[in-house]
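Worth saying up front: this structure is predicted, and the values here are computed from it rather than measured. We use all heavy atoms of the structure for the numbers below, so side chains are in, but hydrogens, waters and symmetry mates are not. Order of the sequence lines sets the chain letters (A, B, ...), proteins ahead of strands, with each chain counted from 1.
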Protein chains: 2
Amino acid sequence: MEKQTITIYDVAREANVSMATVSRVVNGNPNVKPVTRKKVLEVIDRLDYRPNAVARGLASKKTTTVGVIVPDVTNVYFSSLARGIDDIATMYKYNIILANSDQNNQKEVQVLNTLLAKQVDGIIYMGYTISDEMRAEFSRAKTPVVLAGSVDTDEQVGNVNINYEEATNEVIQYFIKKGHQKIAFISGPQSEPINGIYRLNGYKKALKDAGISFDSGLVFETDYSYQSGEKLWGELASAGVTAAFVGDDELAVGVKNGAIDHQVNIPEDFEIISSNNSKLTEMARPKLSSITQPLYDIGAVSMRLLTKLMNKEEVEEKTVILPHSIAYRGTTKD
Amino acid sequence: MEKQTITIYDVAREANVSMATVSRVVNGNPNVKPVTRKKVLEVIDRLDYRPNAVARGLASKKTTTVGVIVPDVTNVYFSSLARGIDDIATMYKYNIILANSDQNNQKEVQVLNTLLAKQVDGIIYMGYTISDEMRAEFSRAKTPVVLAGSVDTDEQVGNVNINYEEATNEVIQYFIKKGHQKIAFISGPQSEPINGIYRLNGYKKALKDAGISFDSGLVFETDYSYQSGEKLWGELASAGVTAAFVGDDELAVGVKNGAIDHQVNIPEDFEIISSNNSKLTEMARPKLSSITQPLYDIGAVSMRLLTKLMNKEEVEEKTVILPHSIAYRGTTKD
DNA sequence: CTGTTAGCGCATTCAC
DNA sequence: GTGAATGCGCTAACAG
């Protein structure tokens, strides 16, 4: 009934060798006489034999697949990282199990468990925060983990990021130099270290260095959605801000549109600098000025780091910081 | 050295039952005395036992994972579909192996093979075209396949789409009713049935019904990139078009921006209707009028259909057409 | 260089 | 209801 799958055993029989030999040629083991190899390959081709990766995984305890946990692939920031991850994964013969977590703690833990049950060789985690539960699971698991575009205050696992504090600091310095006094800090949840610690510190530091006192009324906490940004103009206007740093591109486009929809001239009356330099920044009008993060590279480097970890290679530094800069486009003057 | 993994056997021993019984409770088999079940569950919990999905896969010949082939997750159209797929997959206890193909034939075949090697229970394919090679592989494999947002002229596998021809036809009719005579048809490769056959037919039909002769000079074939759209205005202007149907949102945003960058007034002098209704349409200014496709649902329904196929349930119709409509926003007058 | 022998961890008859 | 025995398809020593 079922289409009978042909196994390594069939190949062995047809080629008059042992299954061990077939296994060797399949795995590129050099200890096979060329003639034998050729014969086996011929049979493999003729029978259209395809090694069963599941059986292989059971026997070798390696599945050549890694788990990727992401809040939402639909967000360009994450899909860009994911793309970098997949490309490098493919390069190293790995596959990716992609799972959306919605930043939901329960879902994350759930996903992590099924990923571990599936014996993934490694895990790449994306998400702005790491709950205590997840951290516990990570350290308990023997499976290597790398955080991509996500920091953890206690850095036990690998992680790849840019220097958020410095980048934000530069943005604010730039705004101050342009004469702005009321600069909004718009970000996702402050509970996330990237926002509540690194970026905010960069923001505060720049203000302090310029002798401007910090005003918590200029800190706007939202979720990361476009809609939240779009609705923000009212508050921004009341606060009298003339410039804004925004921690996410979709959010930034929302902020920009919200302002434009209220007849605000950008960048004349309101300047914006965003954070992710995703392709959205180029698609907006005016184009969004933004911190340039190498999104694809963060993903790629994360995956590369993970391969080393999975391979138990020595890794000098589990924390890698990629370079950033700032691209001045249409939402900033000059 | 290696953290010893605890197996079903350990649980059996600790609970003083056979591994068969443990297997039963793990799989929810009712033939277990409540007391026994409780005892086993207690041990499972105490030992923190987690069934090895790989071993399970080998023994049961089911991996509860499906392969998803996508041109590029970075494109919102596809990531939206992917999101729908993943959600329903999760609901049915499946995981997703996501692989980017770049619409590259060789890569696709390659990916398909490793997916099959990994014994995925089913495959969801996205991509505007299906090469003969892929079609051959599909029909050869006993693994169920569903095309999401992709049509195949010979409909052997499952597929979920909207009626592209009709949708396009409505768009063009609308334009004609508004008095437009030179309406551009901008799409990705014409070699792809969705563009070259369905959409183009809808376009031609509307023209014909209105007594306007078809002018191939108004058909613009590009790739799907934003950049291509942005650069297109020159040609569009020379052709004297006053309205355009565009087959992809990123492309449409490009077309719009290209025009705006040339001081064209939209929608006064140039109207645009796009095709995917992704969140990009809301993020653009003016907002993009667009055919509304239920992207998430196409993914979700595809996955649902796949579960039925994998489950060998009777499926009345392997081809499902989801409803569409048109959302008139800022790039159309009135 | 090649064959034999054991498992990997679990699902699944088939008895009891 | 429960246990013992097989085997899924392949890798990995270990001989030879």
Looking at [X], does any N or O in its side chain come under 4.0 Å of the phosphate oxygens OP1/OP2 on [N]?
X: B:Tyr9; N: C:dG7; value: no
X: B:Asn27; N: C:dA11; value: yes
X: B:Ser18; N: D:dG3; value: yes
X: A:Arg56; N: D:dT11; value: yes
X: B:Thr21; N: D:dG3; value: yes
X: B:Ser23; N: C:dA11; value: yes
X: B:Lys61; N: D:dG9; value: yes

Out of [options], which has the shortest distance to the side chain of [X]?
X: B:Lys33; options: C:dC1, D:dT2, C:dC10; result: D:dT2
X: B:Thr36; options: D:dG1, D:dC10, D:dC8; result: D:dG1
X: B:Ala20; options: D:dG7, D:dA12, D:dA4; result: D:dA4
X: B:Ala55; options: C:dG9, D:dG3, D:dC10; result: C:dG9

> Using the C1' atoms of five pairs at each end, what's the angle between the two axes of the helix from C:dC1-D:dG16 to C:dC16-D:dG1, to 10 degrees?
Replying inline: 30°
>> Taking the nucleotide of DNA chain D with the nearest heavy atom to each, does B:Ser60 or B:Pro34 sit closer to the 5' end?
In response: B:Pro34
Say whether [X] and [Y], considering side chains only, have a donor N or O and an acceptor N or O under 3.5 Å apart.
X: A:Asn159; Y: A:Tyr125; result: no
X: B:Asn113; Y: A:Arg50; result: yes
X: B:Glu313; Y: B:Asn311; result: yes

>> So B:Asn52, base contact, sugar-phosphate only, or nothing? Heavy-atom distance under 4.0 Å.
In response: sugar-phosphate
> For B:Val17, which contact category applies under a 4.0 Å heavy-atom criterion: base, sugar-phosphate, or nothing?
Replying inline: sugar-phosphate
>> Any side-chain to backbone donor/acceptor pair from A:Asp72 onto A:Thr74? Under 3.5 Å, distance only.
In response: yes
> Per the atom types in the model, does the base of D:dG3 pair as donor or acceptor with the side chain of B:Arg24 at under 3.5 Å?
Replying inline: yes
> Between B:Lys308 and B:Glu314, is there a side-chain N and carboxylate O pair less than 4.0 Å apart?
Replying inline: no
>> What verdict does the salt bridge (charged side-chain N to carboxylate O under 4.0 Å, His left out) test give for B:Glu42 and B:Arg46, after you've listed the backbone C-alpha separation in whole Å, the side-chain angles of each residue and the deciding distance to 0.1 Å?
In response: CA-CA 6 Å; B:Glu42 191 275 323; B:Arg46 181 157 57 76; 3.5 Å; yes
